[in-house]
Amino acid sequence: MSEPQQFASDNYSGICPAAWQAMAEANSGHAPAYGEDAWTERAADAFRTLFETPCEVFFAFNGTAANSLALAALCQSYHSVICSDAAHVETDECGAPEFFSNGSKLLVAPAVGGKLTPQAIRALATNRRDIHFPKPRVVTITQPTETGQVYSLDEVRAIAAVCRELGLHLHMDGARFAHACAHLGCSPADLTWRAGVDVLCFGGTKNGMAAGEAILFFDPRLAEDFDYRCKQAGQLASKMRFLAAPWVGMLGNGTWLANAAHGNACAQRLARGIAGTPGLEIMFPVEANAVFVRLAEPALAALRRRGWRFYTFIGGGARFMFAWDADPLRADELAADLRAVAGEAAAMPLPA
Ligand SMILES: *Cc1c(COP(=O)(O)O)cnc(C)c1O
């Protein structure tokens with residue numbers, strides 16, 4: 001049944017053993033529904049322990065819902081949300097943030113290396129202050145970015161400082177938050193609330209779970225009625241224990257971090273394996289579990305003929321993502337094929 005691994009997306013992978021085992025343990029007998037069960041309480045407590053703070057914790061089925069509902073909670077319909085032009089909320093959520101906020105406008109800044117900058121935030125937030133323009137209220141950053149760059153602690157702090165000064169909330173899309181922690185080697189607390197982040201969406205799916213994202217509010221006032229918002233949006237799981245249990249299986253024992261570190265290491269391995277090859281270019285610094293490769297169209301076609309699957313609609317090159325179970329030898333096969341197709345394309349006569 002099983003096919004050779006593909007690195008088109010980190011959500012091609014299955015469920016990691018720690019998450020699977022916790023789900024199996026939760027699958028015994030009956031338990032109260034809608035989050036009133038012991039697993040949900042344990043998962044929320046595991047987040048509070050990991051983040052060293054009594055935050056409010058909610059669970060949603062996917063990242064689009066988590067981001068959209070979190071942003072909706074932070075603003076009114078006449079407010080606006082500042083994000084980078086590469087942000088998942090802008091490019092890959094089908095207008096859900098605007099939909100769930102009843103129309104809050106996304107104000108898009110050109111990304112610098114995939115990132116938002118304090119300067120861009122200030123410019124967007126102060127450009128229009130009149131009644132005719134939606135009032136800036138939230139900034140959202142993706143950590144790591146959609147192209148695999150990690151905001152340093154200082155970069156997050158600098159963005160938070162501008163937010164505080166201008167009266168903006170700071171939201172972090174952490175679909176791969178674990179990969180950022182693994183890269184920086186810093187604690188989840190340091191990278192979020194201690195740096196000035198108000199709300200974090202912590203991705204479970206790309207960290208080895210079947211499904212599920214956690215929404216963490218570090219200021220409990222911002223979480224008011226968020227449970228109703230989740231329910232109305234169809235994001236309140238009745239058998240919540242199965243969304244919650246995997247977190248219990250992954251947070252307390254460091255699996256969340258080990259899974260991410262493995263993905264990051266495989267990305268480094270691919271990058272090392274193709275670095276300096278004529279005819280291809282690694283497009284962005286490899287800091288998380290992504291490698292983006294620029295290749296000529298014939299080389300991309302040749303790579304597909306060799307059986308590789310990948311997307312080119314993000315970042316403008318071939319994207320390779322490494323999950324918790326990425327096989328390093330398979331990554332080496334990809335590196336060899338990338339070198340081969342780049343060489344073939346480089347040897348081809350230019351079209352007349
Ligand atoms: C995958 C991802 C999400 C969540 O996507 P869903 O498919 O809705 O779970 C959010 N943000 C980023 C940056 C992502 O890569």
Side-chain angles (χ1 to χ4, degrees), residues 7-15 19 58-72 81-101 106 108-109 111 113-116 138-151 156 170-183 191-192 197 199-216 230 233-235 237 243 246-247 256 259-260 263-264 267 284 286-292 310-317 319-324:
F7 304 118
S9 176
D10 33 1
N11 54 28
Y12 274 33
S13 68
I15 304 167
F58 301 87
F59 300 99
F61 290 106
N62 60 34
T64 298
N67 282 336
S68 303
L69 295 174
L71 293 174
V81 175
I82 295 173
C83 67
S84 102
D85 58 6
H88 197 269
V89 293
E90 159 72 4
T91 63
D92 287 288
E93 298 191 356
C94 198
E98 295 92 329
F99 176 76
F100 283 110
S101 61
L106 296 183
V108 171
K115 296 177 186 175
L116 258 186
V138 188
V139 169
T140 176
I141 58 175
T142 309
Q143 174 73 319
T145 69
E146 288 71 8
T147 48
Q149 285 72 63
V150 176
Y151 288 87
V156 176
L170 181 55
H171 165 263
M172 182 177 276
D173 174 353
R176 300 184 183 88
F177 179 73
H179 299 83
C181 292
H183 173 74
L191 195 48
T192 56
V197 172
V199 181
L200 169 71
C201 294
F202 189 141
T205 312
K206 289 168 185 156
N207 198 205
M209 289 170 37
E213 318 280 303
I215 304 127
L216 276 57
C230 288
Q235 290 289 322
L243 273 194
W247 291 112
W256 68 280
N259 281 356
N264 289 359
F284 307 104
V286 178
E287 296 174 350
N289 64 332
V291 182
F292 286 74
F310 50 89
Y311 300 125
T312 54
F313 68 87
I314 303 163
R319 184 190 77 155
F320 300 101
M321 305 293 306
F322 297 90
W324 63 273

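As the structure lists them, so they are numbered: ligands from 1, and atoms in each ligand from 1. Values reported hereafter were calculated over all heavy atoms of this structure, with side chains retained and with hydrogens, waters and symmetry mates removed.
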Note: Thr64, heavy atoms under 4.0 Å from ligand 1, region reported as both

Note: ligand 1 atoms sitting under 4.0 Å from heavy atoms of Asn62 are 8 (O), 9 (O)

Under 4.0 Å between heavy atoms, the region of Asn67 that gets near ligand 1 turns out to be side chain

Review point. Are side-chain N/O atoms of Asn207 and Asn259 paired as donor and acceptor at under 3.5 Å?
Key: no

Could you tell me whether Arg176 and ligand 1 have an N or O pair separated by under 3.5 Å? yes

For atom 11 (N) of ligand 1, the closest protein heavy atom turns out to be Asp173 OD2, 2.7 Å

The closest protein heavy-atom partner of atom 14 (C) of ligand 1 is Lys206 NZ, 2.8 Å

Between Glu146 and His88 (side chain of the first, backbone of the second, donor and acceptor by atom type, cut-off under 3.5 Å), is there such a pair? yes

re atom 10 (C) of ligand 1, the protein heavy-atom contact at minimum distance is His88 ND1, 3.3 Å

Numbered in order shown, the ligand 1 atoms found under 4.0 Å of a heavy atom of Ala175 are 2 (C), 3 (C), 10 (C), 11 (N), 12 (C), 14 (C)

Exercise for review: Scan side-chain atoms only and decide if Asn11 and Ser9 contain a donor-acceptor pair under the 3.5 Å cut-off.
Suggested key: yes

* Asked: More than 12 foreign heavy atoms under 6.0 Å from OH of Tyr311: is that the case here?
  -> yes

dist Thr91:OG1 -> Asp85:CG (nearest 0.5 Å) comes out at 9.0 Å

Exercise for the section: Would you check if the distance from the ring center of Phe320 to the ring center of Phe310 is below 6.0 Å? Expected result: yes

Q. Does Cys83 offer a backbone N or O that forms a donor-acceptor pair with the side chain of Glu90 under 3.5 Å?
A. no

Full working for ring-ring contact (aromatic ring centres under 6.0 Å, His included) between Phe177 and Trp256: CA-CA 10 Å; Phe177 179 73; Trp256 68 280; 7.1 Å; no

Under 4.0 Å between heavy atoms, the region of Glu146 that gets near ligand 1 turns out to be side chain

Ligand 1 to Thr142, heavy atom cutoff 4.0 Å, flagged ligand atoms 13 (C)

Among non-hydrogen protein atoms, atom 4 (C) of ligand 1 lies closest to Gly63 CA, 3.4 Å

